[in-house]
Amino acid sequence: MTEQDCIFCKIGKGEAPSTFLHRDDRCFVIRDIHPKAPIHLLVIPLRHITAVAGLAAGDELLVGHLLTVAGQAAKREGLAENGYRLVVNQGVDGGQEVAHLHVHVLGGRRLGAMG
Ligand code: AMP
Ligand code: ZN
């Protein structure tokens, strides 16, 4: 998938519809269109990075920012007390459907064991 037809790039540029729960100069937060939990958010960098393997030296601040924004968004959704799960799927075996790095924030129910 190229950047041109990447759905998350399109949303980030305002070329595809979505509602931003948060947006800054590096990332944005939206609700997952097919939620797997009562609260299911996606924290998405504006830059088209396919997966963690595409991160380079100098991206540490961006990665830290994504996790910081994920924590803040989870707190705003009322998930801080009971907890939640952050997931970053990678590639085919990891179940990654959209080849643009993103952090899932899942909560609002007791999540099952992973695997
Ligand atoms: P992953 O399987 O980790 O690549 O996750 C991709 C997620 O993006 C899936 O949970 C999809 O439901 C979600 N998704 C795909 N298209 C959209 C969209 N237009 N708006 C919101 N979420 C989307
Ligand atoms: Zn993209």
Side-chain angles (χ1 to χ4, degrees):
M1 184 193 287
T2 66
E3 204 170 325
Q4 278 67 41
D5 43 43
C6 170
I7 183 63
F8 290 170
C9 281
K10 284 184 180 167
I11 291 172
K13 290 175 192 156
E15 294 168 2
S18 194
T19 300
F20 295 110
L21 303 185
H22 166 89
R23 190 185 159 86
D24 61 41
D25 59 337
R26 286 173 284 173
C27 74
F28 59 91
V29 180
I30 60 174
R31 290 191 196 282
D32 196 291
I33 205 166
H34 296 124
K36 319 278 186 308
I39 305 284
H40 187 171
L41 313 179
L42 300 172
V43 182
I44 305 173
L46 284 167
R47 210 175 98 212
H48 184 83
I49 305 164
T50 306
V52 291
L55 292 165
D59 286 334
E60 294 87 352
L61 280 175
L62 173 63
V63 174
H65 184 63
L66 296 177
L67 289 189
T68 303
V69 168
Q72 291 168 342
K75 194 172 180 186
R76 278 199 305 274
E77 293 291 316
L79 299 177
E81 189 176 344
N82 283 351
Y84 51 94
R85 183 172 292 166
L86 302 181
V87 174
V88 185
N89 294 323
Q90 300 297 290
V92 176
D93 280 0
Q96 185 178 6
E97 292 170 16
V98 179
H100 178 133
L101 183 68
H102 52 282
V103 180
H104 295 259
V105 180
L106 296 145
R109 68 168 167 83
R110 186 66 61 92
L111 298 164
M114 291 198 303

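Residues: numbered from 1 along the sequence shown. Just so you know, ligand 1 is whichever comes first in the structure, and atom 1 is the first atom listed for that ligand.
- At a threshold of 4.0 Å, the pair Glu81-Lys75 does not count as salt-bridged, since none of the basic side-chain nitrogens sits closer than that to a carboxylate oxygen.
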Query raised in the report: Given the rule in the side-chain contact (heavy atoms from CB on, under 4.5 Å) test, do Leu42 and Phe8 qualify, once you have shown the distances and angles that lead to the verdict?
Result: CA-CA 10 Å; Leu42 300 172; Phe8 290 170; 3.8 Å; yes

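- Inter-residue side-chain proximity for Leu21 and Glu77 is flagged as met; some heavy-atom pair is nearer than 4.5 Å.
- For ligand 1, none of its N or O atoms has an N or O atom of Ile11 under 3.5 Å away.
- Close N/O approach between Phe8 and ligand 1 is not found [any backbone or side-chain N/O within under 3.5 Å].
- Contact atoms of ligand 1 toward Asn89: 1 (P), 2 (O), 3 (O) (distance under 4.0 Å to a heavy atom of the residue).
- The closest non-hydrogen atom to atom 17 (C) of ligand 1, taken over Ile33, Leu106, Leu101, Val103, comes from Ile33.
- Take the Zn ion (ligand 2) as the corner point: the lines to SG of Cys6 and to ND1 of His100 open at 100°, to the nearest 10 degrees.
- Residue contact check: His104 has heavy atoms under 4.0 Å from atoms 1 (P), 3 (O), 5 (O), 7 (C), 10 (O) of ligand 1.
- Residue-level proximity to ligand 1 for Ile30 is carried by the side chain, the only part with a heavy atom below 4.0 angstrom.
- Looking at heavy atoms from C-beta onward, Leu111 lies in side-chain contact with Leu106 at the 4.5 angstrom threshold.
- When the options Val98, Thr19, Leu41, Asp32 are ranked by their closest heavy atom to atom 7 (C) of ligand 1, first place goes to Asp32.
- Annotation: Lys36 places an N or O atom under 3.5 Å from an N or O atom of ligand 1; distance criterion only.
- Residue-level check: among N/O/S atoms of His48, ND1 sits closest to the Zn ion (ligand 2).
- When non-hydrogen atoms are compared, ligand 1 lies under 4.0 Å from the side chain of His102 (C-beta onward) but not from its backbone.
- Set against the non-hydrogen atoms of Ile7, the atoms of ligand 1 under 4.0 Å away are 19 (N).
- Side chain to side chain, His65 and Asp24 meet the donor-acceptor criterion of an N or O pair below 3.5 Å.
- Close approach to His34 involves these atoms of ligand 1, each under 4.0 Å from a residue heavy atom: 12 (O).
- Every atom of ligand 1 is numbered from 1 in the order shown, and the set under 4.0 Å from a heavy atom of Arg31 is 21 (C).
- Inter-residue side-chain proximity for Val69 and Val29 is flagged as met; some heavy-atom pair is nearer than 4.5 Å.
- When only interatomic distances are considered, the shortest N/O to N/O separation between Ser18 and ligand 1 does not fall below 3.5 Å.
- At the top of the distance list for atom 2 (O) of ligand 1, counting protein heavy atoms only, stands Gly95 O, 2.9 Å.
- A salt bridge between Arg47 and Asp59 is present, with a side-chain N of the basic residue lying under 4.0 Å from a carboxylate O of the acidic one.
- Between Val52 and Val63, the closest side-chain pair of non-hydrogen atoms is not below 4.5 Å.
- Residue Ser18 comes nearest to Ile30 through the heavy atom pair OG-CG2, 3.3 Å, listed as atom of the first residue, atom of the second, then distance.
- Among all protein heavy atoms, the one lying closest to atom 4 (O) of ligand 1 is Glu97 N, 2.7 Å.
- The minimum heavy-atom distance linking Gly91 with Gln96 is given by the pair N-OE1, 2.8 Å.
- Checking only distances, His40 never comes within under 3.5 Å of ligand 1, N or O to N or O.
- Note: His100 and His48 have perpendicular aromatic rings, judged against thresholds of 30 and 60 degrees for the angle between ring planes.
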